[in-house]
**Student:** 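Once you've had a glance at the structure underneath, I'll fire off some questions.
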Amino acid sequence: MDVHLMKNIAAMLLTFSGAAFLTASPPTRLHHAIENSPTFVLEGHTRPFLASAQDLGPLGSSVALPQLEIHFKMSAAQAADLDSLLVSQRDRSSKWYHKWLTPEQFGSRFGVNETDLSKVKDWLENSGFTNVQVSRSQMFVRLSGTAAGVNRLFGVALHQYRRNGKTFYANSAEPVFPRALEGLVSGLKGLTNNHAHPFLRRRLYPQISIGINGNHFLAPADLATIYNLNPIYGQGTDGTGQTIAVVGQSDINVFDIEAFQEAAGLPIKDPQVIVAGSDPGSDPDDESEADLDLEWAGGIARGATILYVNSPDALDSAVYAIDNNLAAIVSISYGLCEAGMAPADLATYDAAFQQANAQGITVVTASGDTGAAACDDDQDTAGTPETAASLGLAVSYPASSAYVTAVGGTAFDEAQGTFWNSSGNAISYIPEIAWNDTLTFKALAASGGGASQTFAKPAWQQGSGVPNDLYRDVPDIALSASPEHDPYLICTVGSCSNGFAPPLSKLYFVGGTSCAAPVFSGILALLNQNSQGQQGNVNPAMYALASFNSGVFHDIELGDNKVPCVAGTPDCTKGTLGYSAGLGYDQVTGLGSLDATQFIEQWGSDFQLVVHPGFLNFTSGTAGSTNIQVTRFANFAGNISFTCSVDASLTNTTCSVPGTMSGSGEVTLTVTNAASAFALWPRIRTVPPAATLLLAIASVGLLLWSGRRKSVVFAAFAVVCLLTAIGCGSGYSQGAGSPTQTLTGNVTVTAASGVLQHVILVPITIS
């Protein structure tokens, strides 16, 4: 058969098998009937903060629970496969590089078998629940019910509680499930309406004019100057063709968004509103957060399509956006104290963020606004601002997820120069320090950061300054966030009826890391447009980029996120707790802020190694060499250092490679073998196996005989004969000519630039 035809058939078979693998249903894991099955307790659903809440008694049995969800866990094999896929999707040399999955493809590979899902659906409907729907990813089912129905089927009594001036309901005990589902089900969501809170710090300034008395307020054009977006805009990159999903938990008035766009000189472009399940209605705080996020994501990515995904819980809105593959970027300005969340909720949300990365979705979230004390609410039980932490060091979730980019906060420091013109417009980059307005704000108000207590440090989180603490550190980067200096302009609840500087009405000026998150989401939309594709989890590439390119990130070395704490409480030392900014990465501002043009133009900076010839074959006692071609991608400008090592099987063999190179080109790998002990032995012709065996037996007998006779001469002669027999019978070629010992193995060549590292294996044969 023609060789080219055979290759084409092989390629077609490979493609077909890959497609079949993505669409085939996972194996069944539900082997017993669900009905009338014994039950088990599904741990991980109780919340630590309920211990400090006032129990107001049982929730009314007829109260509707319209957004319940049962989530499933992957098998061990599926979980390992997903981890491998996420690495491969970032590896330029992999066939899976940037091959993003659809939700259906994700489900066919990592979800639950359709037959199993059908049985679960029937069980729920037969138990009185309605609107039972299977997610596109086959990772969970949605359902509606009542408090009485939940108590009847899952053994959970919902109670009303009051804490920090707010009333909510939650489960007081763990749910039970049929034992047939043990190992398959991971969590039951929708048991509480104590939702994530917005990271928004705001001030209401009546009748104030921009730029007067040294006050400066940020409009989109100012950030475009400060963070160097204008060159990118000048190249025609404005987010056109890109989509950002902003998630929230309140209705909005699009007239506020339009007022902001008009005042900022932006094109009028309404966000597309998507209600994920039931409509939550309006809440002033959540509405202002939504307005901020929508206005600033669109204010940076001026040509992008902005979706607003709305439900009673912002994190559930994010899950909906992911499962329906609504956008390449999901922006979240909400969070909860990681240590205060139910472990089952952490697991289910993290699974959703993993799915997002596999689909090529970048998830961006605010790191929090209470410094290193994320578990201390911004209001106490009387509803007044919290002024001192008492619950110890903590971080916010989802910022602590390894599948999310956490954005912290900075503040501008204009003390060393002139950075604004007479009209109050920024004219250049402004030096930054860590954001901490706790003293002036008279409440906990600082960049959220620290170490997770739940999630291990991902392999990609490394570099100068990254703590060796074994846990995921927060944040990853930081952008301006101070509500005191210099705050962001927003339009909300009709505040911009006459533009940004109305003479008779009030304006809202805000800060917090919930400002920084949508700004970074907008920058990512520009990045996607410039790169012509989605990026998935951007953290690995960001940490690599920071390690070899000093022009992309503004390293923030001054300031801290320390807040006052109550003496005698956890982690309270000398009246404060928290971290300081410093050289390189820190747990206040992460890698620092951005030069956006450099960030976008240097994105994807990488190099690739190709060996030619791809193997070496040379004789004992000599050397061989091969060339390693270095190819650079996306303006890669780092220096590359080389090291090599030799497999233990390649005895008496060494390798060498030039230490460092800059620019593209070639380096030479040299592998040298010193003559082995066998090579010093006189070369003899091959002895037949039978003769070799007889010679060995005779040698041993002679050696024993010489011992009895105490004859040194005979003993030495016996040893020589024995060595000859061994040499003739092991490791030598059986053909005519000189016998040789063949050594095989690999030389490993490692090329590194900062934390970016590539490894190649060169097969070696020495004969």
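For the numbers below, each heavy atom of this structure counts, side chains included, while hydrogens, waters and symmetry mates do not.
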**Student:** List for me each residue that meets side chain to side chain contact (heavy atoms under 4.5 Å, CB included) alongside Trp603, sequence neighbours excluded, and say none if there are none.
**Tutor:** Leu527, Ser531, Gln535, Val538, Ala541, Met542, Leu545, Phe599
**Student:** Under 3.5 Å, which donor-acceptor pairs do the side chains of residues 259-266 form with other protein atoms, sequence neighbours left out?
**Tutor:**
unit_1, atom_1, unit_2, atom_2, d
Gln261, OE1, Lys269, N, 2.9
Gln261, NE2, Lys269, O, 2.9

**Student:** Within the distance-only criterion (no hydrogens, no angle test), does the side chain of Ser447 pair as donor or acceptor with the backbone N or O of Gly409 below 3.5 angstrom?
**Tutor:** yes
**Student:** When you compare the side chains of Asp437 and Ser482, does any donor N or O come within less than 3.5 Å of an acceptor on the partner?
**Tutor:** yes
**Student:** Locate the shortest heavy-atom distance separating Thr192 from Ala170; write the atom from each residue and the value.
**Tutor:** OG1-CB, 3.7 Å
**Student:** Rounded at 0.5 Å granularity, tell me how far CZ in Phe140 sits from OG1 in Thr348.
**Tutor:** 9.5 Å
**Student:** I'd like to check the side chain to side chain contact (heavy atoms under 4.5 Å, CB included) partners of Asn325; sequence neighbours left out, ordered by chain and number.
**Tutor:** Pro103, Gln359, Ile361
**Student:** Checking the side chain of Asn193 only, and the main-chain atoms of Tyr169 only, is there a donor and an acceptor separated by less than 3.5 Å?
**Tutor:** yes
**Student:** If every non-hydrogen atom of Leu326 is compared with every non-hydrogen atom of Leu307, which pair is closest and at what distance?
**Tutor:** O-CD1, 3.6 Å
**Student:** Tell me if a side-chain donor or acceptor on Asp476 pairs with a main-chain N or O of Gly590 at a distance below 3.5 Å.
**Tutor:** no
**Student:** If only atom types and distance count, is the side chain of Gln242 paired as donor or acceptor with the main-chain N or O of Ala304 below 3.5 Å?
**Tutor:** no
**Student:** Can you tell me which residue among Val254, Ile252, Val247 is in a side chain to side chain contact (heavy atoms under 4.5 Å, CB included) with Tyr308?
**Tutor:** Ile252
**Student:** Does any part of the side chain of Phe72, heavy atoms only, come nearer than 4.5 Å to the side chain of Leu117, both counted from C-beta?
**Tutor:** yes
**Student:** Walk me through it: do Glu295 and Tyr488 pass the test side chain to side chain contact (heavy atoms under 4.5 Å, CB included)?
**Tutor:** CA-CA 11 Å; Glu295 289 163 4; Tyr488 288 73; over 6 Å; no
**Student:** Quick one: side chain to side chain contact (heavy atoms under 4.5 Å, CB included) partners of Thr589, sequence neighbours excluded?
**Tutor:** Thr410, Ala434, Ala478, Ile556, Asp586
**Student:** Are the side chain of Asn194 and the backbone N or O of Lys166 linked by a donor-acceptor pair below 3.5 Å?
**Tutor:** no
**Student:** Can you pull out every ring-ring contact (aromatic ring centres under 6.0 Å, His included) where at least one residue sits in residues 236-257? Sequence neighbours excluded, please.
**Tutor:** none
**Student:** With the side chain counted from C-beta on, respond yes when Leu82 and Gln355 share a heavy-atom pair under 4.5 Å apart, and no when they do not.
**Tutor:** no
**Student:** Provide the closest heavy-atom pair for Asn635 versus Gln602 in the form atom of the first, atom of the second, distance.
**Tutor:** O-OE1, 3.0 Å
**Student:** Show your working on side chain to side chain contact (heavy atoms under 4.5 Å, CB included) between Leu223 and Leu479 and close with a plain yes or no.
**Tutor:** CA-CA 10 Å; Leu223 279 198; Leu479 296 170; over 6 Å; no
**Student:** For Asp316, which residues count as a salt bridge (Lys or Arg N to Asp or Glu O under 4.0 Å) partner, sequence neighbours excluded?
**Tutor:** Lys189
**Student:** Which pairs pass salt bridge (Lys or Arg N to Asp or Glu O under 4.0 Å) with one or both residues in residues 317-330, sequence neighbours excluded?
**Tutor:** Arg142-Asp323
**Student:** With sequence neighbours excluded, tell me which residues meet salt bridge (Lys or Arg N to Asp or Glu O under 4.0 Å) with Asp345.
**Tutor:** Arg47
**Student:** Side chains of Thr243 and Thr305: do they bring a donor and an acceptor to under 3.5 Å?
**Tutor:** no
**Student:** Hey, which of Ile523, Thr597, Thr237, Asp595 is the one that makes side chain to side chain contact (heavy atoms under 4.5 Å, CB included) with Leu229?
**Tutor:** Ile523
**Student:** Can you see which heavy atom on Ala406 is nearest to which on Ala399, and at what distance?
**Tutor:** CB-O, 3.6 Å
**Student:** Can you tell me if Tyr397 and Asp350 form a side-chain donor-acceptor pair at under 3.5 Å?
**Tutor:** yes
**Student:** List the steps and the verdict of side chain to side chain contact (heavy atoms under 4.5 Å, CB included) for Arg136 and Glu104.
**Tutor:** CA-CA 6 Å; Arg136 290 177 60 181; Glu104 288 76 17; 2.7 Å; yes
**Student:** Of the non-hydrogen atoms in Gly145 and Phe129, which two are nearest, and what is the gap between them?
**Tutor:** CA-CD2, 3.8 Å
**Student:** Which heavy atom in Asn530 sits nearest to a heavy atom in Gln235, and how many Å separate them?
**Tutor:** OD1-OE1, 4.4 Å
**Student:** Could you check whether Glu338 and Ser400, counting side-chain N and O atoms only, form a donor-acceptor pair closer than 3.5 Å?
**Tutor:** yes
**Student:** Could you walk me through whether Arg163 and Phe168 pass side chain to side chain contact (heavy atoms under 4.5 Å, CB included), step by step?
**Tutor:** CA-CA 8 Å; Arg163 182 176 183 268; Phe168 59 93; 4.0 Å; yes
**Student:** Quick check: do Phe419 and Ile226 have side-chain heavy atoms less than 4.5 Å from each other?
**Tutor:** no
**Student:** Give a yes or no on whether the backbone of Asp270 and the side-chain of Glu258 come within a donor-acceptor separation of less than 3.5 Å.
**Tutor:** no
**Student:** Which residues pass the ring-ring contact (aromatic ring centres under 6.0 Å, His included) test with Phe110, sequence neighbours left out?
**Tutor:** Phe106
**Student:** Evaluate the side chain to side chain donor-acceptor pair (under 3.5 Å) criterion for residues Asp293 and Ser331: first the C-alpha distance (whole Å), next the side-chain angles of each, then the deciding distance (0.1 Å), finally the verdict.
**Tutor:** CA-CA 8 Å; Asp293 296 352; Ser331 184; 5.5 Å; no
**Student:** Show, in sequence, the C-alpha distance, side-chain angles and deciding distance for Ser144 and Thr130, and conclude whether the side chain to side chain donor-acceptor pair (under 3.5 Å) test is met.
**Tutor:** CA-CA 5 Å; Ser144 300; Thr130 60; 4.5 Å; no
**Student:** With the side chain counted from C-beta on, respond yes when Ile257 and Pro271 share a heavy-atom pair under 4.5 Å apart, and no when they do not.
**Tutor:** yes
**Student:** Sub-3.5 Å donor-acceptor pair from the side chain of Thr513 to the main-chain atoms of Ala366, do we have one?
**Tutor:** no
**Student:** With respect to Thr405, which candidate in Thr362, Thr365, Asn539 satisfies the side chain to side chain donor-acceptor pair (under 3.5 Å) definition?
**Tutor:** Asn539
**Student:** Mind checking ring-ring contact (aromatic ring centres under 6.0 Å, His included) for Phe412 and listing every partner two or more places apart, or none if nothing turns up?
**Tutor:** none
**Student:** Is the side chain of Ser396 donor-acceptor paired with the backbone N or O of Ala374 at a distance under 3.5 Å, no angle test?
**Tutor:** no
**Student:** Would you call Pro483 and Phe441 a side-chain contact if the rule is heavy atoms closer than 4.5 Å?
**Tutor:** yes
**Student:** Listed by chain and number, what are the salt bridge (Lys or Arg N to Asp or Glu O under 4.0 Å) partners of Asp286, not counting sequence neighbours?
**Tutor:** none
**Student:** Is any side-chain heavy atom of Pro518 closer than 4.5 Å to a side-chain heavy atom of Val246?
**Tutor:** no
**Student:** Name all residues meeting the ring-ring contact (aromatic ring centres under 6.0 Å, His included) criterion together with His554; count only those two or more places apart in sequence or in a different chain, and write none if there are none.
**Tutor:** Tyr429
**Student:** Backbone N or O of Asp285 within a donor-acceptor pair of the Ser288 side chain at under 3.5 Å?
**Tutor:** no
**Student:** So, Trp296 side chain and Leu489 main chain: donor-acceptor pair closer than 3.5 Å or not?
**Tutor:** yes
**Student:** Test Asp486 against His216 for side chain to side chain donor-acceptor pair (under 3.5 Å), laying out the working first.
**Tutor:** CA-CA 6 Å; Asp486 301 285; His216 298 288; 5.7 Å; no
